[in-house]
Amino acid sequence: MGASMNIQAINLEAAEPSIRDASAQIQSHYNTASTHLPGAQSATVRALRDEAIAGFAARGLPHRRVEEWKYTDLRNAMPQAFQPAPLVVAALSDGNFHGAVGPLAAIGGFKMVFVNGRLNRQLSSFNGLPGAVELLNLAEALESPPDWLFAALSQAKPREGDVVTLLNTAFASDGVVLRLGKSANAEQPVHLIHIATAEMPVSVALRNVLILEEGAEASVIETYVSQGQVPAQINSATEIALGEGSRLRHFTIAAENTQTQHLATTQVRLAAKADYLGVQFAVGGSLSRLQTFMTFEGEAARAHFSGCQLMRGRQHCDMTLVIDHAAVGCESREHVKVVLDGHARGVFQAKAIVRAGAQKTDGRQMAQSLLLSETAEFDAKPELEIYADDVKCNHGATCGAIDDDLLFYLRARGIPEDEAKALLIQAFIGEILDRVEDEGLRQALEAKAAAWLTLRG
Amino acid sequence: MLEIKNLHAEIDGKQILRGLDLTVAKGEVHAIMGPNGSGKSTLAYILAGKKDYEVTEGSVTWNGEDILEMEPDARAHAGVFLAFQYPMEIPGVASMTFLRTALNALLKARGKPELSTPDFLRLVREKAATLNMSMDMLKRPVNVGFSGGEKKRHEILQMALLQPSLCVLDETDSGLDIDAVRVVSEGVNALRSPDRAFLVITHYQRLLNYIVPDKVHVMAGGRIVRSGGKALAVELEQSGYAEYGAGAAA
């Protein structure tokens, strides 16, 4: 009797690895939270959320046998789903705010600060917006969603089957909603800062919507940090719609504590001649998956993506991109630089799809990694799916250690080994940071990198 | 004083230096000449502490200190400087950052305060001017996009800033036109002092018209095979290295 039960248990585990995962917990959290989430009074918003959680329930958390998640087995990494953070405005002292945000606090512009998934107005400052620029927070906007927001949330349907976005739609508690009218210019950067401060492990979902109409121009920074060492699960999703000839500079900085998991999704749709520059800088988290889906919908648009990962210990960072060239003559670039120490693991996946008819597509990918230890691992997976015959597409990847000859040259000038290595690592990632035109932001990122380097050894 | 005794060294199991003896007193300039493959650059790298080479026998002391046991940065702090034959390009590291980091590391190792930014800039500007180097050039990454002559001048600039006491110049004249040789040589000559020793490695006598040596040594097969005064360099220029086994790559 006892023996046969054991066999049954083993069989169950072998057949279905989801037995102990967090999917059921997530659904139960949704059942509790859904009636309090912003927009709950609106039948349409509720329907959107219900549909998302049903989509999630049908799929569960992705695991390594799902090709897009081959290197990041979320089912395995997330045995437990934390409770959604309570929907209250959490207080945070000025000192703690600056301590958590560090050099990034000094960046000027319109600031929206979220604490545990809710806007904190005291720490925020976004008055004096130029004409035709609307900036509000999602929770408030969902109380009576303007038509354009509702259209954005329901029409920009999450990438088919992407469970992370579905979860975000189900649980989103707040976020930045930015809309620039025709030819509007935000003039100063819009800075979203999210700080996880809870005393108990919680999960947070933030949903941002950025809409730039024809010819508009903006710069948006997303900064994610923690105060303290409590674990958290952060799911952020940013929906971006770029109108014809519009121009967006978009920076994502994931710098949470090493107990935090962060799933970040960026969806960009580009109309003709739109110009997107995305820079992602990942220096924290136990596990981070920064995924970007770009779709070229109009001709002659341009998207340049740069990524930088600085990881050590047992940190895991996955930057995954899908670039869908569905229009003629568009240009895409993806360039990541990855520095890994200890047992850290870095992942870069980029899939470029060139649709039939998307002639004159120009797409290039490059992944470069610097491994500082024997035990670090970098996985790069380029994919090209090309259905047009007049295109230029290529990809490349390099993986190496610090160049001994360069190190010797620096040391021969009296620079101690650690300092020389730090200089070479900074030089390695410098190519990415140099793409940040805003000097204040670039210096803040350089300071973040320098702080990471001083922890080496 | 630099004292090299019975130095044997190899790379990848291949013997390069075979019992080299050499003594250079402070205030002196010694030239080492010799055919390609005689081990001249190996000697330079070993003095600076490049790990690829293994010293199998012999000793090297500088001012009585055994430098073979020291890390490359510690050797630099002890005053050893190698002007590289092929200075490295370091994309992403601005020359000014590099110079400042090196100078500060040296000052720190000697227990002295770092230079303030204005003092540092003044010092660099002054030294660069004597080498016909523009400050714009120094805003660029280390040696990236520099011509051969600019790279060599950059080496001498580093030497002028760091004020080493043992200067090893490895084929500093290679790839330079005659004007560049003159500028670089003037930079070196300006550093000649009773407290400083120079080891000038060169294939051609030309450089020695500008940097006049106290002694000239001929290196072949991993050893010093002949030593003499500056007239020896002139003699070599006429007779070539044939009698020392030139062409027989070691």
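Chain A is the first sequence line, chain B the second, and so forth, proteins listed ahead of strands; every chain is numbered from 1.
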How long is the gap from CG on A/Leu410 to CE on B/Met88, to the nearest 0.5 Å? 9.5 Å
Answer key: most heavy-atom pairs under 4.5 Å with chain A among B/Leu82, B/Leu106, B/Asn104 is B/Leu82
Given a strict heavy-atom distance threshold of 4.5 Å, which part of B/Ala109 is in contact with chain A: side chain, backbone, both, or neither? neither
With a cut-off of 6.0 Å (strictly less than), are more than 12 heavy atoms of other residues, nucleotides or ligands near NZ of B/Lys108? no
If one checks every heavy atom of A/Glu417 against chain B at 4.5 Å, the contacting part turns out to be backbone
For A/Ala427 and B/Pro91, which heavy atoms make the closest approach, and how far apart are they? CB-O, 3.3 Å
Closest contact, heavy atoms only, B/Asp73 versus A/Ile415: CB-O, 3.6 Å
Are more than 12 heavy atoms, taken from residues, nucleotides or ligands other than B/Glu69, located less than 6.0 Å from that residue's CD atom? no
So does A/Arg314 have more than 12 non-hydrogen atoms from other groups sitting under 6.0 Å from CZ? no
Evaluate side-chain contact (heavy atoms from CB on, under 4.5 Å) for B/Lys50 paired with A/Asp405, printing each intermediate quantity in order. CA-CA 9 Å; B/Lys50 197 164 164 66; A/Asp405 288 337; 2.6 Å; yes
What residue among B/Ile90, B/Val142, B/Val93 forms side chain to side chain contact (heavy atoms under 4.5 Å, CB included) with A/Leu406? B/Ile90
Counting heavy-atom pairs under 4.5 Å to chain A, which of B/Pro164, B/Ala76, B/Ala94 comes out on top? B/Ala76
Would you call A/Arg413 and B/Glu155 a salt bridge, using N to O less than 4.0 angstrom? yes
For residues A/Tyr409 and B/Tyr86, establish whether the separation of their ring centroids is below 6.0 Å. no
In terms of heavy-atom pairs under 4.5 Å with chain B, which of A/Gly430, A/Gly414, A/Pro416, A/Ala420 leads? A/Gly414
Given B/Lys51 and A/Asp404, is the side-chain contact (heavy atoms from CB on, under 4.5 Å) satisfied, shown in steps? CA-CA 9 Å; B/Lys51 289 211 167 52; A/Asp404 281 338; over 6 Å; no
